[in-house]
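Notes follow once the structure below has been shown.
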Amino acid sequence: MPLGMRPQPDVHRDAQRLLRRGLKPGMRVLDVGCGDGPHLRELGQEGMETVGVEIDPALVAANRAAGLHVLQGTAEALPVDDASFDAIICSVVMPYTDQRRAVREWARVLKPGGTVNATYHGAGYGIHYFLVPPEGFRSRFYGARMLVNTALYVATGQRLPGFIGDTLCQTQGEMQRSYRSSGFVLTNTTVIDSALGIPRILFHALQKN
């Protein structure tokens with residue numbers, strides 16, 4: 001694999017396993033950015049009460065038609081009550097959010113002692129797209145703007161305007177600052193995949209104080 005990356009099926013399998021780690025029957029679990037609902041289905045079958053939040057109205061409608069409890073909303077303004085969930089899962093949603101606001105929302109909606117399992121795009125994701133672009137210049141531009149946006153966000157809290165500012169990479173130091181300011185303890189860090197030794201897909205487990 002290029003740049004030391006692992007086969008994609010292995011990366012996907014390990015990411016899904018980590019997202020479900022520590023979740024138990026009877027827990028109330030929120031899936032932030034639930035997509036078409038695979039985690040909601042699996043966790044519901046394992047005896048958990050699940051709620052999804054999704055920004056895309058078409059996906060919200062499809063999930064509801066399939067009998068899943070899904071609300072339309074954003075990661076920065078979750079449409080659920082304070083202290084109403086035991087756990088949150090979030091699968092590679094943070095790159096497309098204002099991550100500081102999203103972490104504060106996690107803290108708001110979790111009960112004391114609640115947990116978060118989240119996967120992210122590390123800086124290695126942007127580096128891979130820049131150095132080994134799967135679609136030529138378009139992919140290289142995507143990787144470059146991810147890296148520029150990340151540096152700008154860490155320094156100023158701002159991103160480039162319009163569509164060129166729509167995605168970030170998550171860095172360990174920046175996420176740690178967000179966690180501490182929102183009352184979270186980072187309990188596990190796992191690098192699922194890397195490029196040039198830099199995390200490409202990253203997992204964090206958190207616990208709310």
(request) Provide the full list of side chain to side chain donor-acceptor pair (under 3.5 Å) pairs with a residue in residues 58-85, sequence neighbours left out, each pair given once. (result) D82-R108

(request) Provide the closest heavy-atom pair for T150 versus C169 in the form atom of the first, atom of the second, distance. (result) OG1-N, 2.7 Å

(message) When you group the ILVMFWY residues by side-chain heavy-atom contacts below 4.5 Å and let the links chain together, are I192 and M146 in the same group?
(response) yes

(request) Just grab all the ring-ring contact (aromatic ring centres under 6.0 Å, His included) pairs involving residues 11-53, residues at least two apart or on different chains. (result) none

(request) Check the hydrophobic clustering (I, L, V, M, F, W, Y; side-chain heavy atoms under 4.5 Å; chains of links allowed) and say if V70 and L59 are grouped together. (result) no

(request) Verify the cluster assignment for V51 and L40: are they in a single hydrophobic cluster under the rule of side-chain heavy atoms below 4.5 Å apart? (result) no

(request) Indicate the atoms forming the closest heavy-atom contact of G124 with A195, along with that distance. (result) O-CB, 3.6 Å

(request) Please list, chain by chain and in numerical order, all residues satisfying salt bridge (Lys or Arg N to Asp or Glu O under 4.0 Å) with D98, sequence neighbours excluded. (result) none

(message) I want to check something: taking the side chain as every heavy atom from C-beta on, are I89 and L43 in contact at a cut-off of under 4.5 Å?
(response) yes

(message) Counting only heavy atoms from other residues, nucleotides and ligands, does the tally under 6.0 Å from NZ of K24 exceed 12?
(response) no

(request) Kindly write out the residues that satisfy ring-ring contact (aromatic ring centres under 6.0 Å, His included) with Y179, not counting sequence neighbours, or none if the list is empty. (result) H204

(message) Tell me whether V93 shares a hydrophobic cluster with V29, the cluster being built from Ile, Leu, Val, Met, Phe, Trp, Tyr side chains joined at under 4.5 Å.
(response) no

(message) Measuring from atom CG of L147 to atom CG of L152, what distance do you get when rounded to the nearest 0.5 angstrom?
(response) 12.5 Å

(message) To check you understand the geometry: which heavy-atom pair defines the closest contact between V154 and R100, and what is its length?
(response) O-NH2, 3.6 Å

(message) Quick check: is V80 connected to M94 through a chain of hydrophobic side chains (ILVMFWY, heavy atoms under 4.5 Å apart)?
(response) yes

(message) Tell me whether K208 contacts the main-chain N or O of G114 through its side chain, where contact means a donor paired with an acceptor under 3.5 Å.
(response) no

(request) Show the numbers, then the answer: is there a side chain to side chain contact (heavy atoms under 4.5 Å, CB included) between F141 and I164? (result) CA-CA 9 Å; F141 177 65; I164 60 174; 3.8 Å; yes

(message) Once rounded to the nearest 0.5 Å, what's the spacing between atom NE2 of H121 and atom CD of Q170?
(response) 8.5 Å

(request) Take E49 and D86, measure what side chain to side chain contact (heavy atoms under 4.5 Å, CB included) needs, and give me the verdict at the end. (result) CA-CA 10 Å; E49 180 185 352; D86 302 298; over 6 Å; no

(request) Show your working on side chain to side chain contact (heavy atoms under 4.5 Å, CB included) between V116 and L110 and close with a plain yes or no. (result) CA-CA 9 Å; V116 179; L110 278 175; 3.6 Å; yes

(request) Grab the two heavy atoms, one from T190 and one from L18, that are nearest each other, plus how far apart they are. (result) CG2-CD1, 4.0 Å

(request) Give, for atom CG of L23 and atom OG1 of T50, the distance between the pair rounded to the nearest 0.5 Å. (result) 11.0 Å

(request) Just do the side chain to side chain donor-acceptor pair (under 3.5 Å) check on Q99 and S178 with the steps written out, would you? (result) CA-CA 8 Å; Q99 62 194 35; S178 295; 5.1 Å; no

(request) Could you walk me through whether Y96 and I55 pass side chain to side chain contact (heavy atoms under 4.5 Å, CB included), step by step? (result) CA-CA 11 Å; Y96 312 102; I55 194 171; over 6 Å; no

(message) Minimum heavy-atom separation for R140 and F130, please, with both atom names.
(response) NE-O, 2.7 Å

(message) Which heavy atom of A75 sits nearest to which heavy atom of V32, and what is that distance?
(response) CB-CG1, 3.9 Å

(request) Mark yes or no for whether T187, through its side chain, and A205, through its backbone, hold a donor-acceptor pair below 3.5 Å. (result) yes

(request) Report yes if the side chains of C90 and W106 come closer than 4.5 Å at any heavy-atom pair, otherwise no. (result) yes

(message) Once side chain to side chain contact (heavy atoms under 4.5 Å, CB included) is applied, do any residues pair with I198, and if so which ones, sequence neighbours excluded?
(response) A123, I127

(message) Contact between Y129 and P134 at the side-chain level, heavy atoms closer than 4.5 Å - yes or no?
(response) yes

(request) State the CG-CZ distance between N209 and F184, to the nearest 0.5 angstrom. (result) 9.0 Å

(request) Examine distances only and state if a side-chain atom of T119 and a backbone atom of V92 form a donor-acceptor pair shorter than 3.5 Å. (result) yes

(request) Could you grab the distance from atom OG1 of T97 to atom CD of E105, nearest 0.5 Å is fine? (result) 11.0 Å

(request) Kindly write out the residues that satisfy side chain to side chain contact (heavy atoms under 4.5 Å, CB included) with N149, not counting sequence neighbours, or none if the list is empty. (result) R145, R159, L160, L168

(request) Kindly indicate whether the side chain of E46, heavy atoms from C-beta on, has any atom under 4.5 Å from the side chain of P25. (result) no

(message) Let me confirm one number: the CD-CZ distance from Q172 to R177, rounded to the nearest 0.5 Å.
(response) 10.5 Å

(message) Using the rule given for side chain to side chain donor-acceptor pair (under 3.5 Å), can you reason through N117 versus T115, listing the C-alpha separation, both sets of side-chain angles and the distance that settles it, and then say yes or no?
(response) CA-CA 7 Å; N117 290 340; T115 61; 5.4 Å; no

(request) For the residue pair T167 and Y142, establish whether any side-chain heavy-atom pair is separated by less than 4.5 Å. (result) yes

